[in-house]
Amino acid sequence: MTAAAIDPTVRAEQTTELQIQNRTLEMQLLHESLARAHMQERLHEAEHQRLVTRIARARKLKQRAERASLRARKALAVALM
């Protein structure tokens with residue numbers, strides 16, 4: 001005979017214990033999933049910030065090159081006069 005056949009409360013206790021274990025595992029997995037999503041969001045933010053920084057740097061370098069080109073044209077114009 002099994003323990004459940006002798007005492008029906010044993011089966012109920014085992015079921016309850018299993019449900020508690022399942023909930024604990026689900027909560028742990030939920031926390032892991034939340035942490036993973038948070039890290040993914042942070043990685044996207046960091047990548048976006050790097051892109052913004054590169055674009056700003058490229059604009060600054062472009063403006064510097066344009067100013068240098070304008071100075072060179074003026075210098076050439078003065079030299080040809």
Side-chain angles (χ1 to χ4, degrees):
M1 292 204 114
T2 64
I6 296 170
D7 187 4
T9 59
V10 171
R11 182 73 174 156
E13 290 172 6
Q14 289 174 345
T15 303
T16 304
E17 180 69 26
L18 186 59
Q19 288 173 345
I20 291 171
Q21 287 175 355
N22 285 342
R23 273 185 287 189
T24 302
L25 178 61
E26 287 175 15
M27 287 301 291
Q28 182 180 355
L29 294 177
L30 181 66
H31 288 299
E32 287 178 6
S33 179
L34 185 60
R36 193 175 299 111
H38 181 67
M39 283 301 299
Q40 196 67 15
E41 182 181 345
R42 296 291 304 240
L43 287 172
H44 285 300
E45 287 174 7
E47 183 62 33
H48 178 72
Q49 187 60 42
R50 281 192 291 268
L51 180 61
V52 167
T53 303
R54 283 192 344 219
I55 289 172
R57 177 86 174 132
R59 284 183 182 157
K60 195 179 284 187
L61 290 174
K62 179 183 173 197
Q63 290 172 351
R64 186 183 296 173
E66 288 172 350
R67 285 193 305 266
S69 174
L70 186 58
R71 282 193 306 267
R73 281 187 192 174
K74 285 182 181 179
L76 182 61
V78 169
L80 291 178
M81 288 186 166

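Just so you know, residue 1 is the first one in the sequence shown, and it goes up from there.
In the hydrophobic clustering, M27 connects to L30, either directly or through intervening members, whenever side-chain heavy atoms lie under 4.5 Å apart. Through direct or relayed side-chain contacts under 4.5 Å between Ile, Leu, Val, Met, Phe, Trp and Tyr, L51 connects to I55. Hydrophobic cluster membership for L61: none, as no Ile, Leu, Val, Met, Phe, Trp or Tyr side chain comes under 4.5 Å of it. In the hydrophobic clustering, V52 connects to no other residue, as no ILVMFWY side-chain heavy atoms lie under 4.5 Å from its own.
Each side chain to side chain donor-acceptor pair (under 3.5 Å) pair with one or both residues in residues 56-81, not counting sequence neighbours, would appear here, but there are none. For residues 37-50, the pairs satisfying side chain to side chain donor-acceptor pair (under 3.5 Å) are E47-R50, with sequence neighbours left out.
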